[in-house]
Amino acid sequence: MKDQYDPHAFEEQWSRRWEAEKIYAAPDDPGKTKRFVMEMFPYPSGDLHMGHVENYTIADAMARYWRMRGFEVMHPMGYDAFGLPAENAAMRRGIHPRQWTMSNIDMMRSSLRRLGYSYDWSREVISCNPDYYRWNQWIFLKFYERGLAYRRTSPVNWCPVDKTVLAREQLSTGVCWRCGSVPEIRDLTQWFLKITDYSDRLLDEMKGLQWSDSILSQQRNWIGRSRGAEVTFKLRLKDSQDLVDFPVFTTRPDTLWGATFFVLAAEHPLAREMVAGTEQEAPFDEFVEEVRRETEVDRMAAKGVRRGFELPAVAVNPVNGEELPVWAADYILMGYGTGAIMAVPAHDQRDFEFARENGLPVRVVVQPEGQTLDPESMNEGYSGPGTLVNSGPFTGTAVDPDTHEGIDKVIEWLSEKGRGTAKVNYRQRDWLVSRQRYWGTPIPIVYCDECGEVPVPYEHLPVLLPDEAEYSSSDDAVSPLANDKDFVNTICPRCGEPASRETDTLDTFFDSSWYFLRYCDPDNDEAPFKTSKVNRWCPVDNYFGGVEHAVMHLIYARFFVKVFQDMGLLSFPEPFLRLFNQGHVSLGGKEMSKSTGNVIEAAAAIDAYGADSARTFILFSSPPAADYDFPLDGFEQIGRVAHSWLSRVWRVLSEVSNGAVPPELDRAVHRTIKAVTDEMEEFGLNTAIARMMELVNDFSKFDGPVPRPAAEAFLKLLAPIAPYLTEELWHRYGNEGSIHLQRWPDYDREKAEADRVVMVVQVNGKVRDRIEVSAEITKDEMTSLAIASERVKAYLNGGEPHKVIAVPPKLVNVVVR
RNA sequence: GCGGGCGUGGCGAAAUGGUAGACGCGCAGGAUUUAGGAUCCUGUGGGAUUGACUCCCGUGGAGGUUCGAGUCCUCUCGCCCGCACCA
């Protein structure tokens with residue numbers, strides 16, 4: 001039995017046995033002790049790498065721990081299988097996206113199995129399969145019925161050479177990833193989901209979530225609710241007397257008297273109208289072209305040249321009748337507010353910069369306390385609190401944008417005068433779900449000359465993605481599917497006349513917005529899921545994933561659940577109760593990425609040292625929430641560290657005795673159970689392993705084989721981290737049944753606590769002596785022991801201490817003047 | 001610009017306001033071994049000093065609160081991450 005630790009000798013066979021015996025299967029109808037534990041499902045881009053291994057090992061260790069604590073655990077896995085990289089790979093290598101995706105899934109699944117993750121494989125979800133995406137289509141139609149899906153035009157980046165739409169990823173350097181040509185902007189009619197109907201709920205219902213403040217505040221900023229007023233200006237062309245009402249949103253209606261110009265978004269149709277037929281038309285079009293070539297990221301860049309174009313019009317300020325110049329500019333976005341602003345350069349930084357660049361006037365209307373702003377000498381906009389000046393009836397009013405002090409009074413006055421109304425505005429925009437892509441869920445809509453836009457009837461679902469279609473465009477037809485006549489040409493479900501299908505596919509964030517619900521009922525072919533099953537398992541108790549999904553994925557999933565709740569499909573408002581963001585794993589300071597070859601693949605790590613070592617070293621190397629950078633040449637060494645510790649465990653525990661556990665060792669075991677339990681409760685996996693290492697050190701000092709109860713308690717503690725080794729030893733001891741179905745060991749509180757402790761004696765906060773004392777020692781006893789200490793007497797010089805602070809039983813501080 | 005985070009030995013890191021550096025790597029010395037590897041033992045923040053004791057310094061920097069600060073507060077320097085300009 002004194003054989004060497006050889007993980008390859010038994011890992012695979014245990015993996016097979018666990019699966020055959022379905023020891024990790026989740027029941028369909030759990031009770032109150034249910035725990036839904038889930039990781040963000042991977043995009044199948046290749047084999048699993050160490051970044052995946054970190055996330056999944058943390059989650060698996062916790063799932064195993066909770067299972068041993070008596071929870072009914074559901075721990076499922078799936079694949080986010082639609083998406084752009086499959087098409088890119090297909091174009092590069094001439095493989096069908098499905099083939100590429102499925103072979104990657106096979107590779108990943110094999111690594112996931114080898115790593116011993118405790119998934120219930122019967123619940124696996126693959127989003128590119130028709131039995132999944134038909135429910136995307138079902139959901140889309142339900143949204144459509146509720147008025148939550150609608151079409152309008154929106155611009156895309158179009159490569160004129162490759163005849164294809166470019167995603168941000170394919171445009172990283174501003175030119176087409178394949179041919180290097182500069183993209184042009186095309187306006188396409190696209191589908192949107194009306195997520196803005198749920199902005200308030202998405203904001204307000206965040207309260208009960210046990211998520212990090214960082215993620216919550218990112219979501220809050222994303223939704224960006226701001227209180228302010230809509231104020232109606234009148235616009236007039238310079239050579240006309242016709243006045244047109246034009247509302248603008250402002251959070252600072254108190255600064256209306258400081259407005260010195262008016263700005264329209266460059267792409268605002270009204271701006272184009274103003275110059276139409278004049279000699280300014282051509283230069284204006286050129287200006288707009290330039291602006292549209294800027295990415296939104298450029299337009300929001302902090303510094304840099306702001307593009308502007310003066311328009312032949314004036315805007316009339318409703319509060320004082322003043323006529324202001326009208327400009328078009330790149331820093332005003334069509335999609336926010338009304339696509340126009342009143343500019344108050346003295347009190348807004350962007351307006352200030354634009355005014356300085358274009359020689360526009362600056363007028364101060366808020367004076368901060370204790371100083372006087374002078375438009376001539378200012379070098380930035382002032383947006384803090386102060387007192388209104390030169391502001392008509394409001395001169396002398398104190399205002400504060402943080403507390404809204406004074407601002408509400410202005411809004412009230414505007415409403416009374418009919419010049420504006422209170423208004424809440426959001427930064428969040430509706431969710432564009434149309435993609436001009438092959439590898440996605442076809443949008444189930446038919447266009448008929450007679451009936452217009454017609455939803456595909458539910459009984460016709462799924463609208464199958466044609467297998468043999470081209471997956472890149474070959475002409476100006478925007479979506480690849482448009483080239484497939486068999487797909488496009490259909491019959492109108494309403495009137496029976498010839499009609500054509502929608503050829504766009506859905507954003508893959510649609511797939512990932514509800515996959516966790518499908519885990520609860522993966523084989524249902526009558527509905528996306530059964531309400532009762534979802535209500536029993538959900539919400540997800542613990543969700544593990546990276547911070548990169550802080551906003552989009554997590555907001556979209558929350559939105560779906562709220563809509564489903566309104567539809568009566570489920571009865572909870574939030575999908576994910578607790579969210580754990582694991583740190584990022586990098587290699588040599590760079591993100592691990594398949595495409596740059598900067599990866600440590602999971603299979604290589606398992607091959608070298610076995611799955612338990614891979615799991616142990618990734619958990620021990622850094623705290624779960626911290627980033628971890630693999631040294632470029634350090635993988636060998638790090639893997640060996642874990643392997644050699646597990647070998648030590650193997651050596652020390654391969655033989656056990658039937659003797660009783662001697663008291664001292666028993667205490668060590670109980671102390672360790674308590675410490676490890678406490679660490680696990682806090683996700684302290686690295687420190688839990690450290691505590692176990694200490695116990696192994698105690699075991700190895702023990703004379704002779706370790707008594708079996710002590711060894712078994714230890715194996716149970718280690719089981720969530722190293723499931724194979726612990727299972728193997730557990731069975732070698734003669735136990736029946738899996739260690740992973742055992743209960744987590746209890747500890748005896750008295751045994752876990754030491755009866756003798758080292759009391760630290762400080763003088764003025766510096767350690768001067770250590771005395772071993774009973775753990776039951778009182779403050780008075782501590783004080784007298786401290787004062788009696790020779791070391792302390794030296795500092796007292798025969799005098800009395802000024803003060804003694806005793807913190808039983810470990811610390812006493814003698815304060816000497 | 002906005003939002004979030006992080007700075008502790010040669011390295012990964014620990015530390016409810018209470019002994020800074022647990023645990024581990026690495027390194028040094030020793031044991032074992034034909035050798036290497038593996039294993040076991042001892043030591044290991046910096047400095048001064050000693051036969052041993054012991055003392056001083058030390059958590060990016062500067063202040064502050066406190067009997068006591070890596071931890072709390074203010075300022076500051078550096079690094080990292082996310083983002084769709086709160087009009």
Side-chain angles (χ1 to χ4, degrees), chain A residues 4 212-228 248-252 255 259 263 265 295-297 299-303 329-333 335-344 347-351 383 401 425-429 546-552 581 583-584 589 591 617 620-623 625-631 634 637-638 640-642 644-645 647-648 651 675 684 686-694 696-697 700-701 758-770 791 801-807 810-816:
Chain A
Q4 284 228 322
S212 73
D213 291 343
S214 136
I215 302 265
L216 292 176
S217 84
Q218 284 182 61
Q219 295 217 347
R220 221 172 277 123
N221 294 333
W222 178 270
I223 295 166
R225 178 161 66 190
S226 55
R227 274 204 302 153
V248 296
F249 176 74
T250 175
T251 55
R252 295 296 305 275
T255 63
V263 192
T295 63
E296 221 157 90
V297 176
R299 286 174 76 167
M300 82 177 186
K303 305 284 172 201
D330 60 353
Y331 77 103
I332 302 305
L333 300 177
Y336 188 79
T338 62
I341 59 151
M342 61 157 191
V344 185
H347 304 296
D348 180 280
Q349 184 56 21
R350 290 170 304 258
D351 295 347
S383 56
N425 210 11
Y426 301 87
R427 238 160 57 112
Q428 184 175 40
R429 307 197 288 248
V547 282
E548 67 273 19
H549 292 296
V551 184
M552 297 205 287
N581 299 114
H584 267 113
E591 198 188 344
F617 81 66
F620 184 61
S621 59
S622 80
D627 294 343
Y628 180 71
D629 186 42
F630 273 94
Q637 183 191 313
I638 290 163
R640 204 163 52 230
V641 167
S644 74
W645 182 65
S647 303
R648 184 171 157 90
R651 271 194 308 279
N686 57 327
T687 41
I689 294 170
R691 299 287 87 79
M692 292 184 227
M693 287 175 166
E694 286 170 341
V696 172
N697 290 345
S700 72
K701 284 180 196 119
V758 173
M759 177 181 87
V760 167
V761 183
Q762 296 182 332
V763 175
N764 292 339
K766 295 199 182 218
V767 181
R768 297 301 178 190
D769 204 358
R770 291 183 172 82
R791 307 275 346 275
H802 174 66
K803 195 170 167 186
V804 179
I805 288 135
V807 186
K810 279 166 109 175
L811 184 132
V812 57
N813 187 15
V814 179
V815 184
V816 179

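- Here the C1' atom of nucleotide B/rA87 and the OH atom of A/Tyr426 are 17 Å apart, to the nearest Å.
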* Structure fact -> Writing each nucleotide of RNA chain B 5' to 3' as (, ), [, ], | or . by Watson-Crick or G-U pairing under 3.5 Å yields (((((((..(((.....[....)))((((((.......))))))((((.....))))..(((((..]....))))))))))))....

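- A/Met342 comes within 4.0 angstrom of the backbone, heavy atoms only, and of no base.
- Residue A/Gln218 contributes atom CD, which lies 10 Å from atom P of B/rG82 at whole-angstrom precision.
- Residue A/Lys766 has no polar side-chain atom (N or O) positioned under 4.0 Å from OP1 or OP2 of B/rA69.
- Map A/His584 and A/Asn425 each onto its nearest nucleotide of RNA chain B; the residue landing nearer the 5' end is A/His584.
- You'll find the side chain of A/Met692 stays beyond 4.5 Å of the side chain of A/Phe620, heavy atoms only.
- When the C1' atom is used for both B/rG30 and B/rU66, the distance is 48 Å, rounded to whole Å.
- Taking side-chain N and O atoms only, A/Thr251 has a distance below 4.0 Å to OP1 or OP2 of B/rA87.
- Residue-level contact check: A/Asp627 touches the backbone only, with heavy atoms under 4.0 Å from sugar-phosphate atoms and none from bases.
- Rounded to whole angstrom, the span from the NE2 atom of A/His347 across to the P atom of B/rG1 amounts to 20 Å.
- The shortest side-chain heavy-atom distance between A/Thr338 and A/Val248 falls under the 4.5 Å cut-off.
- The side chain of A/Arg791 places no N or O atom within less than 4.0 Å of a non-bridging phosphate oxygen (OP1 or OP2) of B/rC53.
- Rounded to whole Å, atom P of B/rA13 lies 7 Å from atom OH of A/Tyr628.
- B/rG68 atom P lies 8 Å from atom CG of A/Asn764, rounded to whole Å.
- In terms of position along RNA chain B, the nucleotide closest to A/Val551 lies nearer the 5' end than the nucleotide closest to the other residue of the pair A/Phe249 and A/Val551.
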* Tell me, for nucleotides 17-33 of chain B in 5' to 3' order, what letter each nucleotide earns: B for a base near a protein heavy atom under 4.0 Å, S for only sugar-phosphate near one, - for neither? -> -BB--BBSS--------

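- Across the protein-nucleic acid pair, A/Gln219 atom CD and B/rG82 atom C1' stand 13 Å apart, rounded to whole Å.
- Between A/Asp627 and A/His584, the closest side-chain pair of non-hydrogen atoms falls below 4.5 Å.
- For B/rA87, the OP1/OP2 oxygens have a side-chain nitrogen or oxygen of A/Ser226 closer than 4.0 Å.
- Listed nucleotides: B/rA87, B/rC67, B/rC56. Nearest to the side chain of A/Arg768: B/rC56.
- Spacing of C1' atoms, B/rG37 relative to B/rG45, comes out at 31 Å, to the nearest Å.
- Between the P atoms of B/rA22 and B/rU16, the separation comes to 15 Å (whole Å).
- Taking atom CG of A/Asn581 as the reference point, atom C1' of B/rC80 lies 16 Å away to the nearest angstrom.
- Nucleotides B/rU71 and B/rG17 place their P atoms 11 Å apart, quoted to the nearest Å.
- Separating the CG atom of A/Asn221 from the C1' atom of B/rG1 is a distance of 12 Å, rounded to the nearest angstrom.
- Distance check on atom P: B/rG26 versus B/rC11 gives 15 Å, rounded to whole Å.
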